[in-house]
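First comes the structure, then the notes that go with it.
By convention in this document, chain letters (A, B, ...) are assigned in the order of the sequence lines, proteins followed by strands, and residues within each chain are numbered from 1.
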Protein chains: 2
Amino acid sequence: MVDLGGINVTTINEIAAMANVSRTTVSRVLNNSGYVSEDARTKILKVIEETGYVPSQQAKSLRTKKTKVIGVILPTIKTETSGRLVAGMDEVLAQEGYQILLANTNHEKHKEIEFINLLKVRQVDGIILAATNVNDELLEKISQLNIPFVAIGQEFDGVTNVLFDDYNAARDMTRLLIDKGHSRIGFIGVDESDRAVGYLRKKAFLDEMKQAKITVEDAWVQKGVFNIESGYEAVARMFKDSLELPTAVFAVTDRLAVGAMRYLNQYHFKIPEDIAIAGVGASEMSKYVTPPLTTIDYLNEAAGREAAQLLINKITENHKGKEKVVLSYRLLERDSV
Amino acid sequence: MVDLGGINVTTINEIAAMANVSRTTVSRVLNNSGYVSEDARTKILKVIEETGYVPSQQAKSLRTKKTKVIGVILPTIKTETSGRLVAGMDEVLAQEGYQILLANTNHEKHKEIEFINLLKVRQVDGIILAATNVNDELLEKISQLNIPFVAIGQEFDGVTNVLFDDYNAARDMTRLLIDKGHSRIGFIGVDESDRAVGYLRKKAFLDEMKQAKITVEDAWVQKGVFNIESGYEAVARMFKDSLELPTAVFAVTDRLAVGAMRYLNQYHFKIPEDIAIAGVGASEMSKYVTPPLTTIDYLNEAAGREAAQLLINKITENHKGKEKVVLSYRLLERDSV
DNA sequence: ACTTTTTGTGGAATCGATTCCATATTAAGC
DNA sequence: GCTTAATATGGAATCGATTCCACAAAAAGT
């Protein structure tokens with residue numbers, strides 16, 4: 001009878017019995033440890049082959065305290081950014097035999113801590129957090145955590161981080177707009193509790209404008225949330241309240257930028273002739289809107305890979321370090337400016 | 001001293017010792033089973049509260065054979081479709097206390113079976129497969145599997161499926177184009193080993209054309225893969241080889257459609273005046289390309305929720321049924337036709 | 001030829017829970 | 001007042017592995 005690779009519910013005890021050895025010896029063969037005679041080894045391997053036996057991760061983990069599972073906490077799973085991040089992590093983790101246990105907070109801050117607890121109970125070997133905010137409770141939780149941990153996207157003191165260079169990226173983009181001859185530049189940001197996207201990018205914009213000695217009208221600086229509709233509304237407010245209309249708008253995410261473009265199209269502003277527009281994120285969409293959107297590519301997959309690699313280093317080498325890795329970015333200048 | 005919710009590595013034995021009871025009694029309190037005096041209960045709860053004890057899932061699973069983990073096998077994690085699917089599942093699963101263990105095949109067919117094995121070893125309580133193809137080996141594997149299982153997107157005999165109504169959706173779209181007065185209609189499909197996207201949608205297109213007694217030139221029917229570039233190339237081939245150019249093109253995915261639009265824009269065909277175009281998938285991008293793309297919304301999140309719900313039913317009620325749930329769709333008519 | 005090492009094997013404890021079974025106490029039934 | 005049932009508790013087995021320790025047998029050293 002041919003065994004089609006079905007995994008039967010066999011235990012190490014049965015294998016031991018069938019091979020006429022103790023389960024200790026079977027375990028040695030399984031883990032390639034200690035002394036085992038060639039004789040016993042082949043006999044055991046043969047039985048394993050025949051039965052299709054696979055050791056229970058369950059029992060193994062209970063004893064060894066290792067699960068080969070990494071918990072990944074995300075603010076959402078619906079966006080491209082999350083997808084790319086996870087894809088990058090998975091690429092590295094899968095190679096090392098780890099699997100990803102998902103934890104989706106749906107942007108609810110309190111769930112970040114809840115999930116850290118839950119993942120700890122599940123004995124994951126490590127945790128990667130794609131963070132959207134920094135708060136003391138979370139920082140406290142992380143620093144007292146005795147599981148290898150890496151945060152992506154926000155800087156936590158005393159924690160290993162993979163960071164995007166939000167500040168310089170946003171300054172570069174602002175400078176690009178200035179270099180293109182714009183002096184009235186609008187800005188669409190998000191709440192500053194998101195230090196990376198909200199605070200740093202805004203600060204970079206204002207710093208660069210200040211350095212260029214360009215004044216920024218209050219109404220030109222608007223705040224939105226992470227969706228397209230919000231970009232539309234932000235630019236609507238901007239245009240309604242401005243004394244003088246801006247000739248360029250820098251939005252801190254592509255979605256906000258695309259929302260802004262919608263508004264501009266609707267009211268027949270020409271892009272980039274009347275108003276230039278720029279975003280951040282290099283979403284797939286950004287390439288196919290009309291005109292193609294100038295944006296910044298943050299290389300999210302690379303970030304995922306980097307985070308996974310750092311985590312694995314911490315796990316395997318018991319690396320206690322708290323590295324800060326700042327990833328590079330690419331400014332993609334397209335027809336919208 | 002205030003305990004900040006840190007989970008300490010306490011075991012049920014220590015709790016038992018501290019509360020002066022046996023671990024059996026502690027277990028009873030934990031699981032709300034059997035008889036426990038109010039006296040003992042409060043004493044135990046107090047100790048649990050003080051220590052922040054949380055039982056080890058590890059040990060629990062070993063004994064109970066339940067992990068509260070669902071394995072989700074995906075062809076990719078980078079696309080919106082996957083993201084939405086997973087978001088939908090997570091919504092339902094999280095509510096029932098399940099977490100998702102990701103398995104990303106990267107479109108490698110053989111990995112589907114590998115992952116089913118791996119997930120089985122990990123003792124997941126159920127598996128959801130977002131399938132891209134149907135083959136005998138896989139079907140065999142699934143049917144001999146004794147873990148609750150749900151497949152999304154492809155029909156497997158004797159298995160619970162959540163299906164999209166690919167055939168009728170594609171017929172509807174074809175009919176829409178015909179109704180708009182087109183008689184020369186091009187088609188961009190994918191390989192028919194993907195029965196849903198490749199085979200059914202093509203069959204629907206051809207059936208509808210046949211019913212309308214419209215002939216289809218060979219060159220009008222092209223095949224691509226799942227990316228934008230491929231749509232561009234497909235329409236390029238179509239236009240090069242056609243005796244007479246089509247006046248409309250139906251692509252089986254939005255990406256293919258967007259690629260086609262790129263080509264049309266580049267060669268200054270006006271959409272929809274010169275050539276109408278339609279896709280499938282209702283990607284976010286489809287709404288913001290110019291002109292907005294006519295497409296079909298498959299309600300992926302709903303599919304994810306549905307699959308998760310079916311799986312939970314199977315798990316909790318030991319439901320042996322093999323339901324087929326066919327989801328509805330919405331045809332989104334926008335400016336591209 | 002006798003001690004020391006290396007090699008090979010199995011018994012038993014352990015990981016941290018659940019659960020069956022036995023037993024003690026108390027309440028209810030008649 | 002005596003039997004039966006409900007309540008309460010703990011001992012011990014179990015889940016399926018790993019690993020420490022003891023102990024033979026074979027090989028090496030002197």
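- Between B/Ala40 and B/Gln123, the residue anchored nearer the 5' end of DNA chain D, judged by the nucleotide with its closest heavy atom, is B/Ala40.
- Of the candidates D/dG16, C/dG10, C/dT19, C/dT19 carries the atom nearest the B/Thr64 side chain, counting heavy atoms from C-beta on.
- With D/dA8, C/dG8, C/dT18 as the choices, the nucleotide that has an atom nearest any side-chain atom of B/Lys60 turns out to be C/dT18.
- Each of B/Val162, B/Leu299, B/Val92 was scored for a side chain to side chain contact (heavy atoms under 4.5 Å, CB included) with B/Glu306, with one residue passing: B/Val162.
- A close approach under 4.0 Å does occur between a side-chain nitrogen or oxygen of A/Ser27 and OP1 or OP2 of D/dT18.
- To the nearest angstrom, C1' of D/dA17 lies 13 Å from CD1 of A/Ile48.
- The side chain of A/Arg23 approaches D/dT18 more closely than any other nucleotide in the set C/dG11, D/dT18, D/dT7.
- Interatomic distance, NZ of B/Lys314 versus OG1 of B/Thr160, reported as 3.0 Å (0.5 Å rounding).
- Of all nucleotides listed (C/dG16, D/dT18, C/dT9), C/dT9 comes nearest to the side chain of A/Tyr35.
- Using a 4.0 Å heavy-atom criterion, one finds that A/Ser37 contacts the sugar-phosphate atoms exclusively.
- A/Lys66 has its NZ atom 10 Å from the P atom of D/dT19, to the nearest Å.
- Looking at the side chain of A/Arg63, the nearest of the listed nucleotides C/dC15, C/dG16, D/dT9 is C/dC15.
- Spacing between atom CD of B/Gln58 and atom P of D/dA17 amounts to 14 Å, rounded to whole angstrom units.
- Contact between the side-chain N/O atoms of A/Ser22 and the OP1/OP2 oxygens of C/dG10 is found at a separation under 4.0 Å.
- Judged by distance alone, the side chains of B/Asp125 and B/Thr67 do bring a donor and an acceptor atom under 3.5 Å apart.
- Between A/Ile152 and A/Asn161, every side-chain heavy-atom pair lies at or beyond the 4.5 Å cut-off.
- Between the CD atom of B/Gln57 and the P atom of C/dA17 there is a distance of 10 Å, given to the nearest Å.
- Contact annotation: side chain of B/Thr24 to base of D/dG11, donor-acceptor pair present below 3.5 Å.
- Remark: P of D/dT18 and CG of A/Asn32 are 12 Å apart, rounded to the nearest angstrom.
- Taking atom CD on A/Glu14 and atom P on D/dG16, their separation rounds to 8 Å, with Å as the unit.
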Are any protein N/O atoms closer than 3.5 Å to N/O atoms in nucleotides 21-25 of chain D? If there are, list each pair with its distance.
none

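- When the P atom of C/dA17 is taken as reference, atom CG of A/Leu62 falls 9 Å away, rounded to whole Å.
- The closest side-chain donor-acceptor pair between A/Asn117 and A/Lys141 falls under 3.5 angstrom.
- For A/Ile12, taking side-chain heavy atoms from C-beta onward, the closest of the listed nucleotides D/dC15, D/dT9, D/dA17 is D/dA17.
- Summary of the strand contacts: B/Ala59 and A/Val21 both lie near DNA chain C, and taking for each the nucleotide with the nearest heavy atom, the more 5' one is attributed to A/Val21.
- Contact check on B/Arg305 versus B/Glu91 returns a salt bridge, with a Lys/Arg side-chain nitrogen under 4.0 Å from an Asp/Glu carboxylate oxygen.
- The side chain to side chain contact (heavy atoms under 4.5 Å, CB included) with B/Phe156 is formed by just one residue from the set B/Val150, B/Leu163, B/Leu139; it is B/Leu139.
- For A/Lys65 and C/dA17, the NZ to C1' distance is 11 Å, given to the nearest whole Å.
- Here C/dG10 is the nucleotide among C/dT19, C/dG10, D/dT18 with the atom lying nearest to any side-chain atom of A/Thr25.
- Side-chain contact check for A/Thr79 and A/Thr76: no donor-acceptor pair (N or O, by modelled atom type) lies under 3.5 Å.
- Residue-level contact check: A/Asn13 touches neither bases nor backbone, having no heavy atom under 4.0 Å from any strand.
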